[in-house]
Amino acid sequence: MIVLETNRLRLRLISLDDADFILRLLNEPSFIQNIGDRGVRTLEDARAYISKGPIASYEKHGFGLWLVETKAPGEPIGICGLLKRDVLPDVDIGYALRPEFWAKGYALESASGVLTYARSTLGLKRVVAVVNANNQSSIRLLEKMGFEFERMVRLSADAPEIKLFACETTAPRSVETV
């Protein structure tokens with residue numbers, strides 16, 4: 001099911017049929033370095049990740065991480081969406097693309113579409129984002145979208161501190177959904 005479209009991209013629900021792509025994405029060295037090692041090493045692990053992560057979030061919250069694919073030729077390039085973590089009071093935006101799709105504007109386009117969806121469809125007034133302090137490309141992307149650094153946070157007691165950015169979603173951003 002398609003959740004939203006931008007000029008070049010389609011964001012849709014992740015299904016168990018996407019396990020091969022999720023397995024590849026979650027094992028990219030850049031994903032492990034910037035987001036974390038999810039311990040997904042087999043197709044069965046990928047299916048469990050999809051079931052317990054995105055699908056469970058769709059059922060519980062009505063949103064989650066969505067698969068990002070190009071409109072033509074319909075190639076999966078990453079994930080982007082909204083997360084509700086128990087440790088954060090606000091919904092946060094998350095995204096990850098395969099490295100061959102970096103520096104083409106896809107991250108900005110998909111994340112801007114998700115931010116517009118959060119505001120216009122879900123009625124969220126505020127969205128946050130968490131990012132490793134050394135991930136300068138993600139920090140620049142967030143700032144371009146209107147996010148501002150707010151404070152350092154830990155997602156668990158033993159986790160390193162990461163930056164929390166926040167965005168008031170009252171004004172439309174550069175990319176509208178179709």
Side-chain angles (χ1 to χ4, degrees), residues 1-85 91-118 121-122 127-132 134-142 144-145 155 159 162 173 175-178:
M1 180 182 132
I2 295 172
V3 176
L4 66 97
E5 293 187 5
T6 65
N7 290 335
R8 301 178 296 164
L9 304 171
R10 218 178 356 253
L11 281 74
R12 65 169 175 80
L13 298 181
I14 298 172
S15 76
L16 295 177
D17 293 337
D18 298 310
D20 184 56
F21 176 78
I22 294 298
L23 177 65
R24 285 184 287 130
L25 179 67
L26 272 54
N27 284 287
E28 284 289 342
S30 57
F31 187 98
I32 292 168
Q33 176 185 349
N34 292 315
I35 299 170
D37 187 349
R38 300 297 186 243
V40 174
R41 301 291 181 261
T42 66
L43 281 174
E44 192 55 41
D45 291 344
R47 288 184 197 99
Y49 171 86
I50 292 167
S51 292
K52 294 176 186 171
I55 292 174
S57 183
Y58 305 154
E59 292 169 359
K60 183 174 183 180
H61 303 294
F63 56 80
L65 289 171
W66 301 304
L67 190 92
V68 179
E69 59 187 14
T70 58
K71 283 185 175 177
E75 180 178 12
I77 66 170
I79 55 177
C80 186
L82 300 165
L83 302 155
K84 180 60 189 105
R85 302 174 202 260
V91 170
D92 73 289
I93 191 168
Y95 49 87
L97 300 181
R98 292 201 25 102
E100 61 267 32
F101 298 101
W102 293 358
K104 298 180 187 315
Y106 291 135
L108 179 62
E109 187 172 333
S110 61
S112 294
V114 168
L115 192 60
T116 298
Y117 180 89
T121 303
L122 301 176
V127 173
V128 299
V130 291
V131 61
N132 288 335
N134 60 353
N135 189 343
Q136 291 304 311
S137 59
S138 274
I139 290 170
R140 280 192 302 277
L141 184 140
L142 292 170
K144 197 179 283 190
M145 291 174 48
L155 296 182
I162 55 177
R173 294 290 167 209
V175 178
E176 290 294 322
T177 55
V178 179

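None of the values given here were measured: they were computed from a predicted structure.
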- Message: With rounding to the nearest 0.5 angstrom, report the CG to CG distance, L67 to L11.
- Response: 8.0 Å
- For A19 and R47, which heavy atoms make the closest approach, and how far apart are they? CB-CG, 3.7 Å
- Query: Can you tell me how far the CD atom of Q33 sits from the CG atom of N134, to the nearest 0.5 Å?
  - Reply: 6.5 Å
- Closest non-hydrogen atoms of Y106 and F101, given as atom of the first, atom of the second and distance, are CD1-O, 3.6 Å
- Message: I need the E109 CD to E5 CD distance, nearest 0.5 Å.
- Response: 11.0 Å
- So do L13 and V3 actually touch side chain to side chain, heavy atoms under 4.5 Å? yes
- Query: If every non-hydrogen atom of A129 is compared with every non-hydrogen atom of I93, which pair is closest and at what distance?
  - Reply: CB-CG2, 3.8 Å
- Query: Could you walk me through whether K104 and I77 pass the side chain to side chain contact (heavy atoms under 4.5 Å, CB included) check?
  - Reply: CA-CA 11 Å; K104 298 180 187 315; I77 66 170; over 6 Å; no
- Note on the structure: So CD1 of I162 and CG of L155: to nearest 0.5 Å the spacing works out to 4.0 Å
- Go through the steps for L141 and Y95 under the test side chain to side chain contact (heavy atoms under 4.5 Å, CB included), then give the verdict. CA-CA 11 Å; L141 184 140; Y95 49 87; 3.6 Å; yes
- Item | Side-chain heavy atoms of L25 within contact of R98, under 4.5 Å | yes
- Message: side chain to side chain contact (heavy atoms under 4.5 Å, CB included) for S137 and W102? Distances and angles first, verdict last.
- Response: CA-CA 10 Å; S137 59; W102 293 358; over 6 Å; no
- Message: Within the 4.5 Å heavy-atom criterion, are R38 and I22 side-chain neighbours or not?
- Response: no
- Message: So which atom in P99 and which in S30 form the shortest heavy-atom distance, rounded to 0.1 Å?
- Response: CG-OG, 3.8 Å
- Between SG of C80 and CG of L97, what distance do you get to the nearest 0.5 Å? 8.0 Å
- Query: Would you call K71 and R10 a side-chain contact if the rule is heavy atoms closer than 4.5 Å?
  - Reply: yes
- Query: Nearest heavy-atom pair of G81 and L65: which atoms, and what distance?
  - Reply: N-CD2, 3.8 Å
- Message: Checking the side chain of T121 only, and the main-chain atoms of A118 only, is there a donor and an acceptor separated by less than 3.5 Å?
- Response: no
- Side-chain heavy-atom pair W66, P54 within 4.5 angstrom cut-off: no
- Message: Do T6 and T116 have side chains that approach each other closer than 4.5 Å (heavy atoms only, starting at C-beta)?
- Response: no
- Would you mind reporting whether I14 and I55 have side-chain heavy atoms less than 4.5 Å apart? no
- Item | Least distance between heavy atoms, L4 atom then Y117 atom | CD2-CB, 3.7 Å
- Message: I need the N132 CG to I139 CD1 distance, nearest 0.5 Å.
- Response: 8.5 Å
- Check the pair L23, V40 against side chain to side chain contact (heavy atoms under 4.5 Å, CB included), reporting the backbone distance first and the verdict last. CA-CA 6 Å; L23 177 65; V40 174; 3.9 Å; yes
